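So the structure is just underneath, and the comments pick up after that.
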Amino acid sequence: QVQLVESGGGLAQPGGSLRLSCAASGRTLSSYVMGWFRQAPGKEREFVAAIDRSGVVTYYADSVKGRFTISRDNAKNTVYLQMNSLKPEDTAVYYCAARSLRSVVRGPREYDYWGQGTQVTVSS
């Protein structure tokens, strides 16, 4: 079992940047496919980005493609989400999640472990 803790959220202006981190403990992160999801008030949790175990294969939601970058450092047991050119519609609680199976998928129900989330607010 793995425990996940997100950090790096906060307030950013439109066009600004934030970098989220997700630190894992309890088991090595290299055993998991990792994903980032977000949930805005009154909306369902949605896929943002995912990365395979080795960090080679990545997937993005169309809404963040070209602006967000997911990466991982297995030696540090940490996954990152670099968010650039932020928009007000990016405002949400951001969650990282771990998936035990090898395939990289987008559905939140396919992920086994979740962090508690970090708030990102984009506003002027």
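Side chains included, hydrogens not; waters and symmetry mates left out as well; all remaining heavy atoms used. The model shown is predicted, which means the values in this text are computed figures rather than measured ones.
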Walk me through whether Arg27 and Asn77 qualify under side-chain contact (heavy atoms from CB on, under 4.5 Å).
CA-CA 9 Å; Arg27 194 173 174 186; Asn77 254 17; over 6 Å; no
Show, in sequence, the C-alpha distance, side-chain angles and deciding distance for Ser63 and Arg67, and conclude whether the side-chain hydrogen bond (donor to acceptor under 3.5 Å, both in side chains) test is met.
CA-CA 9 Å; Ser63 58; Arg67 300 188 298 122; 5.5 Å; no
Would you check, one step at a time, whether the test side-chain contact (heavy atoms from CB on, under 4.5 Å) holds for Leu29 with Met34?
CA-CA 8 Å; Leu29 199 65; Met34 297 300 296; 3.6 Å; yes
Let me see the working for Met83 and Asp90 under side-chain contact (heavy atoms from CB on, under 4.5 Å), right down to the final yes or no.
CA-CA 9 Å; Met83 305 187 296; Asp90 294 319; over 6 Å; no
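By the 4.5 Å heavy-atom criterion applied to side chains, Tyr111 and Val33 are counted as neighbours. Ser123 is listed as a side-chain neighbour of Leu11, based on a closest heavy-atom distance under 4.5 Å. Proximity of Trp114 to Arg45: side-chain heavy atoms (C-beta onward) are separated by under 4.5 Å at one or more points. Side-chain contact check for Leu86 versus Phe68: some heavy-atom pair is nearer than 4.5 Å. Residues Asn74 and Thr28 form no side-chain contact, since every pair of their non-hydrogen atoms from C-beta on lies 4.5 Å or further apart.
From Asp52, atom CG reaches atom CZ of Arg102 across 9.0 Å, with rounding to the nearest 0.5 Å. Rounding to the nearest 0.5 angstrom, the gap separating the CD atom in Glu110 from the CZ atom in Phe47 is 12.0 Å. One distance of note links CZ of Arg99 with CZ of Arg53; it measures 9.5 Å at 0.5 Å rounding.
Pairing each heavy atom of Val122 with each of Lys87, the nearest pair is CB-O, 3.3 Å. Nearest heavy-atom pair across Val2 and Ala24 is CG2-CB, 3.7 Å. Between Tyr32 and Ser100, the closest heavy-atom pair is CE2-OG, 3.7 Å. Of all heavy-atom pairs between Ala92 and Ala40, the closest is CB-N, 3.8 Å.
Linking ILVMFWY residues whenever their side-chain heavy atoms come closer than 4.5 Å, directly or via other members, places Val105 and Tyr59 in the same cluster. Residues Tyr95 and Leu18 fall into different hydrophobic clusters, defined by Ile, Leu, Val, Met, Phe, Trp and Tyr side chains chained together at heavy-atom separations under 4.5 Å. With hydrophobic clusters built from ILVMFWY side chains whose heavy atoms lie under 4.5 angstrom apart, Ile51 shares a cluster with Val48. Tyr80 and Leu4 fall into different hydrophobic clusters, where Ile, Leu, Val, Met, Phe, Trp and Tyr are joined by side-chain heavy atoms under 4.5 Å apart, directly or via other members. Cluster annotation: Trp36 and Tyr113 are assigned to the same hydrophobic cluster (Ile/Leu/Val/Met/Phe/Trp/Tyr, side-chain heavy-atom contacts under 4.5 Å, transitive).
Taking Tyr94 as the reference, Arg38 meet the side-chain hydrogen bond (donor to acceptor under 3.5 Å, both in side chains) condition, with sequence neighbours excluded. By the side-chain hydrogen bond (donor to acceptor under 3.5 Å, both in side chains) test, Thr69 pairs with no residue at all, sequence neighbours left out. Partners of Tyr60 under the ring-ring contact (aromatic ring centres under 6.0 Å, His included) rule, at least two apart in sequence or in another chain, do not exist in this structure.
Heavy-atom neighbours of Glu44 CD from other residues, nucleotides or ligands within 6.0 Å: at or below the threshold of 12. Atom CD of Gln3 is surrounded by more than 12 heavy atoms from other residues, nucleotides or ligands within 6.0 Å.
Among residues at least two apart or in separate chains, side-chain hydrogen bond (donor to acceptor under 3.5 Å, both in side chains) pairs with a member in residues 10-23 are Ser17-Asn84. A salt bridge (charged side-chain N to carboxylate O under 4.0 Å, His left out) check over residues 111-124, counting only residues at least two apart or in different chains, returns nothing. Annotation: disulfide bond (SG atoms under 2.5 Å apart) contacts involving residues 41-106, sequence neighbours excluded, comprise Cys22-Cys96.
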